[in-house]
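Written out below as structure tokens is the structure these notes cover.
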Amino acid sequence: MTTSTCSVARIAYLASSLVVDSLPPASTTSPFANAYTTLLSQSTHQPKLISTPFGSDAGALILQNANTHYLTSFTTLSNSQSLTRLLLHITDLSSSPVVLHIAVQNDLSDVLLLRPAVPFFLLSSSAQEAHDNALIASRLSRQEKTIVVHAFYESPEPITEAPEAGIHSFLVDQPPPPDLHLVNGNGNGHASVKPSESSPALDHYTAYQDALQLTSALTQRSLSPLKHHGSSAPNTLILTLGRGVLNLDVESVSTVALSLVKPLPQSLILDTIPRSVERIIVLEEIRHWSLKWTPIYLEVLLAIQQDPEYRPSVHSGTLGDITTITWVEIENLIEQASQNPSSRLQLGSIPTDDPISVPLHVPKHELVYTKILSHLFGSRLDILNSPSLVVTHGQTATTPEFALGRVRATLELRAELIDSINELLLDKSIDSSLHALLASWVAAKDDLVKSRAIGDKIIAALESPLPFPLTSRVLSLKSHLAASSRWIIGSDAWSYDLGSSGLHHTIASGLNVNILILETTPYTTRHLADPHRRKHDVGLYAMNHGDVYVASVAIYSSYSQVLQALLEADQYDGPSVVLAYLPYHDEQAIALDLLKETKLAVDAGYWPLYRWNPGKERIGKEPFSLDSDAIKNDLQQFLDRQNHLSQLVRSKPALAVELVSSLGATIQEARKRRAQQAYSDLVGALDAPPLLILYASDGGAAEKVAKRLGNRGKARGLSTTVAILDSISLESLAQEEYVVFVTSVAGQGEPPQNGRTFFKALSAAVARGDVILSKLRYSVFGMGDSHYWPRPEDAHYYNKAGKDLDTRLEKLGGERFASVGLGDDQDADGPQTGYQLWEPLIWKALGVDSIEVKEAEPDPITNEHIKAASQYLRGTISEGLEDTSTGALAASDTQLTKFHGIYQQDDRDIRDERQAQGAEPAYSFMIRVRLPGGVCTPEQWLQMDQIADEHGSGTFKITTRQTFQFHGVIKRHLKPAIQNINRALLDTLAACGDVNRNVICSSIPTFSKLHAQVYEFAKGVSEHLLPQTTAYHEIWLDKKLVAGDALRDFEPLYGEFYLPRKFKIAVAVPPTNDVDVFANDLGYIAILDSSGELAGFNVTIGGGMGVTHGNKKTYPRLGDVIGFCTPEEGPFVAEKVMLVQRDHGNRAELKYTIDRMGLGVFKAEVEKRLGYKLQPARPYTFDRNIDDFGWATGQDGKHHFMMFIENGRIQNEADREFKTGLREIAKIHKGTFRLTANQHLMLSDIAAEDLPEIKRLLALYKLDNLSHTGLRLSSSACYLPLLIDKVEKICEENGLRNDSIVMRMTGCPNGCARPYVAEVAFVGKAPGTYSMLLGGGYYGQRLNKIYQETVTEPEILAILGPMIKRYALERQEGERFGDFVIRAGYIQATTSGKEWYDGVGEGEQLSI
């Protein structure tokens, strides 16, 4: 007989290069371990095998190793805590060959949480099926390089195993030809999945069929994803997901058991259902599901909806134990479905509270501490998480959360008892003897012995009839009369994550409860633990709370110290933590081995024996006692051990070197006197002083370096503090001894915003000639970009902030303990190159360079982690909105609010002033509306105008994404503003964030019918790709959808992790490229047929404008045309392009994904998912990308007016009341407003009879003024108007007033105004300083290139003057400015994004 566990363990071992085995709760071995041990001695294949304790982050461990192994297999028992942690890493593991083999019992609730996040999910109900599916899963994961989940039930039975020799070739063999697939989706002979069907599920199903066929060939068995039984023409179909198969013959009933849980193509489901079926019953072995509808039930519903002519009734139910089911119960089930179609069905018995028949096994060595507790406290002992409770409460009974709940409940009931007795004592009519008993009990209620003895007498007295109502209440609480010794016992696994384990809450609760934690890692194997999993020191963690008793004991070192510590912990009024050392490998270890390991650990100082009693400090005694018998090792080394007492210096920094100089005598004398040395004297033996790390950072890079340095210092036993530079004054700095400064640079060598106050104070002190830092020893690390200022005269700006700081500190009397370090973005590893040279100097100067640090640094929290943990964009936004103590939201929530169309900002102009006042920054929020196609009604315009006045800054803006944007919205106005936007039948969902954003389209005044079609297409694409989370409605609109919670956690396109980066779509109508279609991730170019009707669209992919200063791996890119699609196909093309980017983007923008994969490969993947090839692209012509200003008449006779709105700002100025004028027009206008991607506005659909009044208002408010130069009408920017005035003059002087030159300017390299396709562009580097770019295509068809990397405004005018003059004199007929500067040799043409850095102008070196 072979169990499922053994068969799965064998395949996992033989198929993988890495096996990670998770230990179950309260156990030192896993059920898979025996199989691994056997294979280790018998198999020629030897994978790396890692055991990970329960409570550790197995997902992080797998992620650390997965990329270096051809297949990683993870074996574990199903457990909600472990699987929830795994879920956070699923997206990072999605492109790694990993198989999760999960043993389930009688409930699939926990394991099915993984299903939405993985492409493949298999389920096995027998040992043979577990063996076969383990093979399939391993093959799929290795071939597809993706994660696969294989859940299986334990089932002992004889099985036929695949030979070891054939498994390797099975894993790497090529898949069979497509026409040789032998496995149908339906065992009843129905058609298999249609090859023409288009969906990711079909692609995955095809891969599954390949693996299934090869497995069938290897095992010589017929395999199927579905197991059928029963009638071939049934009236009722029962679909089951769980253990076992319904093999009963019932008339007109057919059963199908699922082995393949995902993918489930809709056509496979439909082919499984014969057309004779009128009723489908879906039974799933799910007992604790938080949503209304279960996953397979939803899959069946969605599949049926694809066939409008077939509508059977579908019922959902729970599958229980079906081993004893008869045909009678099946008929009863069908009858119940007929009579109560909306009720939830059940087949088979289901235990009400899922009891476990036997308590958890406690290893025999660990019983020694339990026996000591029983000896000390006898019947008064209450182990709050005793394994015996598992019988009635399940496995949660062993967790600290459960125990803490029991403590709270017990203490609340005892408090109620005390109140009742005190109230009874006030009754003067009670008997004097009873009164004396009650009074005695109150005085001795916390005494373990007396409280029980007196309590027994009270019970006897109260049980005789007494005329007091309170006696019955006291008797009902009589079990709490005796004081108890409350203990929680746990393992060192709780140390891996103090927060998640619940241990933190118990320590921080302040309740009178004792915690015993057993450390079982032998001293001789301490280095074998995985270095990527850091075990926290619970003792240090608890001591830092200040009100927790802590002891470190070892039964095989000092028995008396164990007894003393346990008694003190019980007597302490508050939380107590006792760390007990019990080193053993397994239960077969003999006591002598434990004794040897303990002696080694204690003698070496690895496990010091100590007690920390805050109660003593309150009465003037020393709280810390060192009890180690053999402490003759070097005390410095002892204290420097990373997970022990050295870190306590943080809370007690006093120094006493005398202890080190006379170590032996002091310790011996202290032990003789039985008075221990003070804790503060002990930890003061550290030679290394506290280290203060101050940083100044705008973008966060310097902050990360500072915090990393702080963590690495702590790992060396240093007391490190990390703070913002502006948080300290010069007077406070003068009191510090060792300080490290980390600063980046802003603008022209200026310090970052959060360091400027300090820099100003520093400069003032230097100017006065002060010498106030004579005590200070310091070192500076600066971060900058040596190519950011390439001109020799600007070279001093490189790392100027760091170098200035270093020099000025020296002038004020400071002494360098390590020379200044400079990190350069241009080095091979960026700033890390310089940092790696500088950091060792710090440790050497502080005397801790010889300390070996092996622990891995924590992974940084990324947006992917935030999205995964956000519960589909919820986070803690609701709680943050209710927090009136701050005007901001939590940092993680500000990443999530982007998905809701909201950015958090603050007023930079008054940062210094508010900091000086001790106030937080003046936070406000920007809100962006989702407005597909940029069309709104007059009523909606009036609502936007009102929202700007009531909730914003009084103005609003038209953005380059054809929508409205509000600024200056404070937190308490956020919710009302968004509710008002929704009342206008608009919303802000997906206006920002890593999703498809606002879909833009051309504004075509002359082609009314075509614009209507294109606009509807843009709206349709936007709706098709809209996120489905209900978080938006719950947070901002206070709504719960009619469907309850069922759809709250369902994102059919995005999944839980959404997209790697933002995704932008544009629709252009030739000959006008006003949307810059090639600058978008996805573009559609409208193609008309011979009759002028919309035939479809050419599709472009891969455009993007974002660039990062100093990072040559980033560049702009224009989209490539990949084919043609019809309007009906368009939304699905968008979906597939987006999904390929979702699955292959790897946290990068689409342009980089395409360049990494190759355009042909990416296109092929899109077409594979579509199920057909795109048609060849059709001819088109663009001739401009500017708006057509002025009046135009459409095909329907309606009139349109395109007005000039400089930079899209809707505001009133001294001579132009645009906001008021547009409000007045909206009051009478009967057509629409069209917002353009160039930030202008078109009044559309004006009837002839309304023209006079519209023209009157336009003239009244100067909105009809189009007497601007061609340059101004063609330009777009944040700061351009002042510069445009001066460039206009140059154009007019050269006779170019009416000539259009596309000029754009942005304050940063993010590319919102699409500067990299302009003929002339300026990208801000510092206030008043820009990079100058030339040579873009007039209609957006060509990227420009850097001409001068650093120019000021006077230099811009000096360069453009002669250039424009030459253009006016030498241009050819119809030649545009961007073409001219290339022909004239000013700049080279850019032919692709990757070549953007090649041939920059004037021989400059590019650093953008």
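Remember, predicted model here, so these are calculated numbers, not experimental data. Heavy atoms only: backbone and side chains are in, while hydrogens, waters and symmetry mates are out.
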Donor-acceptor check, side chain of [X] to backbone of [Y], threshold 3.5 angstrom: yes or no?
X	Y	value
E597	T524	yes
S451	A483	yes
E154	T5	yes
Y549	D573	no

Are the side chains of [X] and [Y] in touch, meaning some heavy atoms are under 4.5 Å apart?
X	Y	result
Q105	L77	no
R406	D382	yes
I383	I488	no
L600	K596	no

Say you draw a straight line from [atom1] of [X] to [atom2] of [Y]; how long is it, rounded to the nearest 0.5 Å?
X	Y	atom1	atom2	answer
I102	N79	CD1	CG	10.5 Å
L23	S51	CG	OG	5.5 Å
L516	L373	CG	CG	6.0 Å
I515	L384	CD1	CG	10.0 Å
S78	L83	OG	CG	5.0 Å
N514	R486	CG	CZ	8.0 Å

Return the set of residues passing side chain to side chain donor-acceptor pair (under 3.5 Å) with [X] (not counting sequence neighbours), or none when no residue passes.
X	value
S22	none
S485	W487, D570
Y581	none
Y36	T75

Would you name the heavy atoms of [X] and [Y] that are closest together and state the gap between them?
X	Y	result
N512	L411	N-CD1, 4.4 Å
L86	G59	CD2-CA, 3.8 Å
S420	V474	CB-CG2, 4.0 Å

Residues in salt bridge (charged side-chain N to carboxylate O under 4.0 Å, His left out) contact with [X], at least two apart in sequence or another chain:
X	result
R414	D446
K478	E463
E568	R611

What pairs with [X] under side chain to side chain contact (heavy atoms under 4.5 Å, CB included), at least two apart in sequence or on another chain?
X	value
S509	L404, R408, L511
K621	K616, I619
S552	W607, Y610

Regarding T410 and E412, is there a side-chain donor-to-acceptor distance under 3.5 Å anywhere?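 Judged by distance alone, the side chains do not pair up.
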
Intermediate values then yes/no, side-chain contact (heavy atoms from CB on, under 4.5 Å), I418 and W441: CA-CA 10 Å; I418 294 170; W441 181 88; 3.8 Å; yes

Could you list the donor-acceptor pairs under 3.5 angstrom formed by side chains in residues 433-440, with sequence neighbours left out?
{"residue": "S433", "atom": "OG", "partner": "D431", "partner atom": "OD2", "Å": "2.1"}
{"residue": "H435", "atom": "NE2", "partner": "L425", "partner atom": "O", "Å": "3.4"}
{"residue": "S440", "atom": "OG", "partner": "A436", "partner atom": "O", "Å": "2.8"}

Derivation and outcome, side-chain contact (heavy atoms from CB on, under 4.5 Å), residues L566 and V578: CA-CA 7 Å; L566 294 177; V578 178; 4.1 Å; yes

Go through the steps for S576 and V548 under the test side-chain contact (heavy atoms from CB on, under 4.5 Å), then give the verdict. CA-CA 5 Å; S576 300; V548 181; 5.7 Å; no

Give every residue pair that meets the salt bridge (Lys or Arg N to Asp or Glu O under 4.0 Å) criterion with at least one member in residues 415-426, sequence neighbours excluded.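 Every candidate salt bridge (Lys or Arg N to Asp or Glu O under 4.0 Å) pair involving residues 415-426 fails, so no pair, neighbours aside, qualifies.
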
Out of L595, V602, V562, which one pairs with S557 under the side chain to side chain contact (heavy atoms under 4.5 Å, CB included) rule?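 In the set L595, V602, V562, the residue that makes a side chain to side chain contact (heavy atoms under 4.5 Å, CB included) with S557 is V602.
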
Applying side-chain contact (heavy atoms from CB on, under 4.5 Å) to D21 and I50, what does each step give before you reach the verdict? CA-CA 6 Å; D21 184 31; I50 299 176; over 6 Å; no

Neighbour count above 12 (heavy atom, 6.0 Å) for N422 CG: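 Above 12, so yes.
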
